[in-house]
There are 2 protein chains.
Amino acid sequence: MKNIVKVERARMNLTQADLAEKVSVSRQTIIAIESAKYVPSAILVLKIAKVVGKPVEELFELEDGD
Amino acid sequence: MKNIVKVERARMNLTQADLAEKVSVSRQTIIAIESAKYVPSAILVLKIAKVVGKPVEELFELEDGD
DNA sequence: ACAAAATGTAAAGTTTGTTTTACATTTTAA
DNA sequence: TTAAAATGTAAAACAAACTTTACATTTTGT
(Lines give C-alpha, C1' and ligand atoms only; values in the text may rest on other atoms or scores of the structure.)
Protein backbone atom coordinates (compact mmCIF):
# COMPACT_ATOMS: atom_id res chain seq x y z
CA MET A 1 0.00 0.00 0.00
CA LYS A 2 1.18 3.50 -0.80
CA ASN A 3 -0.22 6.86 0.14
CA ILE A 4 -0.11 10.58 -0.54
CA VAL A 5 -0.46 11.70 3.06
CA LYS A 6 2.76 13.71 2.97
CA VAL A 7 1.65 15.57 -0.14
CA GLU A 8 -1.79 16.36 1.27
CA ARG A 9 -0.29 17.44 4.58
CA ALA A 10 1.99 19.84 2.71
CA ARG A 11 -0.96 21.05 0.65
CA MET A 12 -2.74 21.89 3.90
CA ASN A 13 0.45 23.44 5.31
CA LEU A 14 0.41 21.21 8.39
CA THR A 15 3.47 19.90 10.20
CA GLN A 16 3.64 16.24 11.08
CA ALA A 17 3.01 17.25 14.69
CA ASP A 18 -0.11 19.18 13.65
CA LEU A 19 -1.57 16.23 11.78
CA ALA A 20 -0.61 13.85 14.56
CA GLU A 21 -2.52 15.97 17.03
CA LYS A 22 -5.56 16.25 14.78
CA VAL A 23 -5.86 12.48 14.47
CA SER A 24 -4.75 11.72 18.03
CA VAL A 25 -1.57 9.74 17.35
CA SER A 26 2.10 10.32 17.91
CA ARG A 27 4.23 12.21 15.41
CA GLN A 28 6.24 9.02 14.94
CA THR A 29 3.12 7.31 13.74
CA ILE A 30 2.62 9.93 11.05
CA ILE A 31 6.25 9.53 10.01
CA ALA A 32 5.80 5.77 9.86
CA ILE A 33 2.70 6.09 7.71
CA GLU A 34 4.13 8.65 5.30
CA SER A 35 7.21 6.48 4.80
CA ALA A 36 5.06 3.32 4.56
CA LYS A 37 7.00 1.86 7.48
CA TYR A 38 3.88 0.14 8.64
CA VAL A 39 0.24 -0.21 7.71
CA PRO A 40 -2.13 2.00 9.69
CA SER A 41 -5.36 0.82 11.24
CA ALA A 42 -8.71 1.47 9.58
CA ILE A 43 -9.63 3.96 12.27
CA LEU A 44 -6.53 5.97 11.57
CA VAL A 45 -6.98 6.11 7.82
CA LEU A 46 -10.60 7.18 8.26
CA LYS A 47 -9.45 9.96 10.58
CA ILE A 48 -6.72 11.14 8.24
CA ALA A 49 -9.11 11.09 5.30
CA LYS A 50 -11.57 13.14 7.30
CA VAL A 51 -8.97 15.77 8.18
CA VAL A 52 -7.71 15.93 4.60
CA GLY A 53 -11.24 15.98 3.21
CA LYS A 54 -10.74 13.20 0.71
CA PRO A 55 -11.93 9.57 0.52
CA VAL A 56 -9.65 6.88 1.92
CA GLU A 57 -9.26 5.35 -1.54
CA GLU A 58 -7.84 8.61 -2.82
CA LEU A 59 -5.15 8.83 -0.16
CA PHE A 60 -4.21 5.18 0.16
CA GLU A 61 -3.75 2.77 -2.70
CA LEU A 62 -3.36 -1.00 -2.67
CA GLU A 63 -0.28 -2.44 -4.38
CA ASP A 64 0.49 -5.87 -5.79
CA GLY A 65 1.46 -8.16 -2.96
CA ASP A 66 -0.73 -6.48 -0.39
CA MET B 1 -15.85 2.17 14.61
CA LYS B 2 -18.81 0.24 13.27
CA ASN B 3 -19.41 -1.35 9.93
CA ILE B 4 -21.97 -2.90 7.61
CA VAL B 5 -19.77 -5.66 6.28
CA LYS B 6 -22.17 -8.38 7.39
CA VAL B 7 -25.08 -6.69 5.62
CA GLU B 8 -23.14 -6.17 2.39
CA ARG B 9 -21.86 -9.73 2.49
CA ALA B 10 -25.43 -10.98 2.78
CA ARG B 11 -26.50 -8.65 -0.02
CA MET B 12 -23.85 -10.28 -2.21
CA ASN B 13 -24.87 -13.73 -0.98
CA LEU B 14 -21.36 -14.59 0.17
CA THR B 15 -20.46 -16.72 3.17
CA GLN B 16 -17.86 -15.52 5.61
CA ALA B 17 -15.50 -18.09 4.12
CA ASP B 18 -16.14 -16.73 0.62
CA LEU B 19 -15.34 -13.17 1.63
CA ALA B 20 -12.33 -14.31 3.65
CA GLU B 21 -10.95 -16.01 0.57
CA LYS B 22 -11.60 -13.02 -1.68
CA VAL B 23 -9.64 -10.71 0.62
CA SER B 24 -7.01 -13.27 1.59
CA VAL B 25 -7.64 -13.49 5.33
CA SER B 26 -8.93 -16.15 7.66
CA ARG B 27 -12.64 -16.62 8.27
CA GLN B 28 -11.99 -15.72 11.92
CA THR B 29 -10.76 -12.34 10.79
CA ILE B 30 -14.02 -11.68 8.95
CA ILE B 31 -15.95 -12.75 12.04
CA ALA B 32 -13.84 -10.45 14.20
CA ILE B 33 -14.43 -7.52 11.86
CA GLU B 34 -18.18 -8.03 11.50
CA SER B 35 -18.55 -8.24 15.27
CA ALA B 36 -16.18 -5.27 15.79
CA LYS B 37 -13.95 -7.49 17.90
CA TYR B 38 -10.92 -5.66 16.62
CA VAL B 39 -10.05 -2.93 14.19
CA PRO B 40 -8.87 -4.12 10.78
CA SER B 41 -5.83 -2.80 8.97
CA ALA B 42 -6.12 -0.21 6.22
CA ILE B 43 -5.13 -2.78 3.64
CA LEU B 44 -7.95 -5.03 4.68
CA VAL B 45 -10.65 -2.39 4.62
CA LEU B 46 -9.51 -1.27 1.18
CA LYS B 47 -9.74 -4.87 -0.02
CA ILE B 48 -13.19 -5.42 1.46
CA ALA B 49 -14.44 -2.14 0.00
CA LYS B 50 -13.12 -3.18 -3.39
CA VAL B 51 -14.90 -6.55 -3.27
CA VAL B 52 -18.13 -4.95 -2.06
CA GLY B 53 -17.84 -2.13 -4.59
CA LYS B 54 -18.38 0.70 -2.16
CA PRO B 55 -16.08 3.34 -0.65
CA VAL B 56 -14.43 2.57 2.71
CA GLU B 57 -16.33 5.44 4.34
CA GLU B 58 -19.61 3.82 3.36
CA LEU B 59 -18.79 0.48 4.97
CA PHE B 60 -16.92 1.67 8.04
CA GLU B 61 -17.91 4.57 10.26
CA LEU B 62 -15.99 6.30 13.03
CA GLU B 63 -17.66 6.49 16.43
CA ASP B 64 -17.14 8.76 19.41
CA GLY B 65 -14.19 7.56 21.39
CA ASP B 66 -12.32 6.19 18.38
C1' DA C 1 24.93 33.31 10.07
C1' DC C 2 22.45 31.28 13.47
C1' DA C 3 18.60 29.63 16.13
C1' DA C 4 14.25 27.60 16.04
C1' DA C 5 11.30 24.54 13.87
C1' DA C 6 10.54 20.53 11.34
C1' DT C 7 11.78 16.19 9.93
C1' DG C 8 14.22 11.89 10.36
C1' DT C 9 16.23 7.67 12.73
C1' DA C 10 16.47 4.33 16.29
C1' DA C 11 15.21 1.39 20.00
C1' DA C 12 12.61 -0.77 23.53
C1' DG C 13 8.25 -1.73 25.37
C1' DT C 14 3.19 -2.22 25.05
C1' DT C 15 -0.91 -3.17 22.74
C1' DT C 16 -3.52 -5.09 19.25
C1' DG C 17 -4.53 -7.42 14.79
C1' DT C 18 -4.37 -11.88 12.87
C1' DT C 19 -3.53 -16.74 12.56
C1' DT C 20 -4.45 -21.64 13.56
C1' DT C 21 -6.94 -25.06 15.80
C1' DA C 22 -10.86 -26.95 17.90
C1' DC C 23 -15.31 -27.30 19.16
C1' DA C 24 -20.25 -25.51 19.82
C1' DT C 25 -24.41 -23.73 18.05
C1' DT C 26 -27.50 -22.20 14.61
C1' DT C 27 -29.27 -22.11 10.09
C1' DT C 28 -30.25 -24.02 5.75
C1' DA C 29 -31.44 -27.36 2.37
C1' DA C 30 -33.28 -31.52 1.06
C1' DT D 1 -36.47 -34.67 10.33
C1' DT D 2 -31.78 -34.74 9.67
C1' DA D 3 -27.36 -33.81 7.83
C1' DA D 4 -24.61 -30.43 5.87
C1' DA D 5 -23.34 -25.84 5.80
C1' DA D 6 -22.66 -21.64 8.02
C1' DT D 7 -21.80 -19.10 11.89
C1' DG D 8 -20.08 -18.42 16.51
C1' DT D 9 -16.77 -18.86 20.59
C1' DA D 10 -12.38 -19.56 22.62
C1' DA D 11 -7.52 -19.75 23.29
C1' DA D 12 -2.70 -19.58 22.43
C1' DA D 13 0.88 -17.91 19.62
C1' DC D 14 2.96 -14.68 16.66
C1' DA D 15 3.60 -10.50 13.94
C1' DA D 16 3.06 -5.90 13.56
C1' DA D 17 1.07 -1.35 14.79
C1' DC D 18 1.84 2.04 17.92
C1' DT D 19 4.01 4.59 21.96
C1' DT D 20 7.68 7.04 24.38
C1' DT D 21 12.16 8.75 24.58
C1' DA D 22 16.25 10.48 22.71
C1' DC D 23 19.11 12.27 19.56
C1' DA D 24 20.59 13.61 14.67
C1' DT D 25 19.88 16.06 10.56
C1' DT D 26 17.66 19.20 7.59
C1' DT D 27 14.88 23.09 6.65
C1' DT D 28 13.07 27.48 7.58
C1' DG D 29 12.90 32.16 9.13
C1' DT D 30 15.03 36.27 10.64
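All chains are named by letter (A, B, ...) in the order of the sequence lines, taking the proteins before the strands, and each is independently numbered beginning at 1. This is a predicted model, so every value here is computed, not measured.
- Listed by chain and residue number, nothing satisfies the side chain to side chain contact (heavy atoms under 4.5 Å, CB included) test with A:A36 (two or more places apart in sequence, or in another chain).
- Residues passing the side chain to side chain contact (heavy atoms under 4.5 Å, CB included) test with A:A49 are A:V56, A:L59, B:E57, sequence neighbours excluded.
- Heavy-atom minimum distance, B:I30 versus B:V25: CD1-CG2, 3.9 Å.
- The A:V39 side chain lies nearest to D:dA17 when the options are D:dT7, C:dG8, D:dA17.
- Out of D:dT20, D:dA17, C:dT7, the shortest distance to the side chain of A:Q16 is found at C:dT7.
- Here A:T15 lies in heavy-atom contact (under 4.0 Å) with sugar-phosphate atoms only.
- Within the structure, the salt bridge (Lys or Arg N to Asp or Glu O under 4.0 Å) test picks out the following pairs touching residues 7-18 of chain B (sequence neighbours left out): B:E8-B:R11, B:E8-B:K54, B:R9-B:E34.
- Residue-to-nucleotide proximity on DNA chain D shows that, of A:S24 and B:R9, the 5′-proximal contact is made by B:R9.
- For the pair A:K37 and D:dT19, the criterion of a side-chain N or O lying under 4.0 Å from OP1 or OP2 is not met.
- If you check every strand for non-hydrogen atoms under 4.0 Å, B:S41 touches sugar and phosphate atoms only.
- With sequence neighbours excluded, the residues forming a side chain to side chain contact (heavy atoms under 4.5 Å, CB included) with A:Q28 are A:S26, A:I31, listed by chain and number.
- The nucleotide whose nearest atom lies closest to any side-chain atom of A:L44 is, among C:dT18, D:dA17, D:dC18, D:dC18.
- One atom, CG of A:L19, and another, C1' of C:dT7, lie 14 Å apart when rounded to the nearest Å.
- Atom pair A:I31:CD1 and C:dA11:P shows a separation of 15 Å (rounding to whole Å applied).
- Atom pair B:E34:CD and D:dT9:C1' shows a separation of 15 Å (rounding to whole Å applied).
- Separating the CG atom of A:D66 from the P atom of C:dG17 is a distance of 19 Å, rounded to the nearest angstrom.
- Rounded to whole Å, atom P of C:dT18 lies 10 Å from atom CD1 of B:I30.
- Across all non-hydrogen atoms, the minimal contact from B:N3 to B:I33 is ND2-O, 2.9 Å.
- Between B:K6 and D:dA6 there is no side-chain polar atom (N or O) within less than 4.0 angstrom of OP1 or OP2.
- Atom CD1 of A:I48 and atom P of D:dA17 are 14 Å apart (whole Å).
- For A:A10, the side chain to side chain contact (heavy atoms under 4.5 Å, CB included) criterion is met by no residue, not counting sequence neighbours.
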note = Per-nt protein contacts along nucleotides 21-30 of chain D (heavy atom under 4.0 Å; B base, S backbone sugar-phosphate only, - none) come out as BB--------
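- Regarding B:E21, its CD atom lies at a distance of 17 Å from the C1' atom of D:dT7, rounded to whole Å.
- The 5' end of DNA chain D is approached more closely, in terms of each residue's nearest nucleotide, by B:D18 than by the other of B:D18 and A:I33.
- Atom CG in A:N3 sits about 13 Å away from atom P in D:dA17, given to the nearest Å.
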